[in-house]
Amino acid sequence: MPKNQDVLNGVLNSYHYINKVVSDDYELTEQDKKDQSSGKVVFSYDDSASQIEVSQVQSVNWNKDGIQYNLLQIDGKLSAGELADMAREVINNRR
């Protein structure tokens with residue numbers, strides 16, 4: 001998965017990728033293989049999938065005081081910057 005380091009003291013990591021749900025017998029195309037290799041696309045296999053389902057996934061995660069935090073959206077409307085702002089708010093207001 002592509003990873004973008006945030007500038008907040010190196011604490012935040014953000015990820016963005018496309019998730020494709022395909023049937024168990026789906027054969028990857030050459031482009032699929034390239035996209036998977038680069039981390040641009042993650043494939044999920046579901047034997048009951050009758051068609052390909054595509055989702056945009058974004059997340060911001062961080063570890064503080066031994067606790068792992070994650071904000072995740074699938075096909076959401078927030079930008080990566082807005083997710084990072086939400087994370088900063090949690091980090092700065094955590095007691």
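Every residue two or more places apart in sequence or in another chain that forms a side chain to side chain contact (heavy atoms under 4.5 Å, CB included) with Lys33 is listed here: Leu28, Glu30. Not counting sequence neighbours, the partners of Asn70 by the side chain to side chain contact (heavy atoms under 4.5 Å, CB included) test are Ser59, Asn61, Leu72. With sequence neighbours excluded, the residues forming a salt bridge (Lys or Arg N to Asp or Glu O under 4.0 Å) with Asp32 are Lys20, listed by chain and number.
Of all heavy-atom pairs spanning Glu82 and Lys77, the tightest one is OE1-O, 4.1 Å. In plain terms, the two heavy atoms of Leu78 and Met86 that are nearest each other are CD1-SD, 3.7 Å. The shortest non-hydrogen separation linking Asp24 to Asp46 is OD1-N, 3.7 Å. When all heavy atoms of Ser55 and Asp75 are compared, the closest pair comes out as CA-OD1, 3.4 Å. Considering all non-hydrogen atoms of both residues, Ala87 and Leu12 come closest at CB-CD2, 3.6 Å.
Counting non-hydrogen atoms of other residues, nucleotides and ligands closer than 6.0 Å to CD of Gln68 gives a total above 12.
No hydrogens or angles considered: nothing links the side chains of Asp47 and Ser23 as a donor-acceptor pair under 3.5 Å.
Note on Ile18: it does not cluster hydrophobically with Tyr15, by side-chain heavy-atom contacts below 4.5 Å among ILVMFWY residues. Hydrophobic clustering (side-chain heavy atoms under 4.5 Å, transitive across Ile, Leu, Val, Met, Phe, Trp, Tyr) groups Leu71 together with Ile67. No chain of hydrophobic side-chain contacts below 4.5 Å, direct or via other Ile, Leu, Val, Met, Phe, Trp or Tyr residues, connects Val41 to Val21. Tyr17 and Phe43 fall into different hydrophobic clusters, defined by Ile, Leu, Val, Met, Phe, Trp and Tyr side-chain heavy atoms under 4.5 Å apart, directly or through other members. Residues Val42 and Tyr26 are members of separate hydrophobic clusters, defined by side-chain heavy-atom contacts under 4.5 angstrom among Ile, Leu, Val, Met, Phe, Trp and Tyr.
Leu83 has its side chain within reach of Gln58: a pair of non-hydrogen atoms, C-beta onward, lies under 4.5 Å apart.
The line from NZ of Lys40 to NZ of Lys34 is 11.5 Å long, rounded to the nearest 0.5 Å. To the nearest 0.5 angstrom, Asn93 atom CG is 13.0 Å from Arg88 atom CZ.
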Given side-chain contact (heavy atoms from CB on, under 4.5 Å), test Asn13 with Trp62 step by step and report yes or no. CA-CA 6 Å; Asn13 292 302; Trp62 67 98; over 6 Å; no
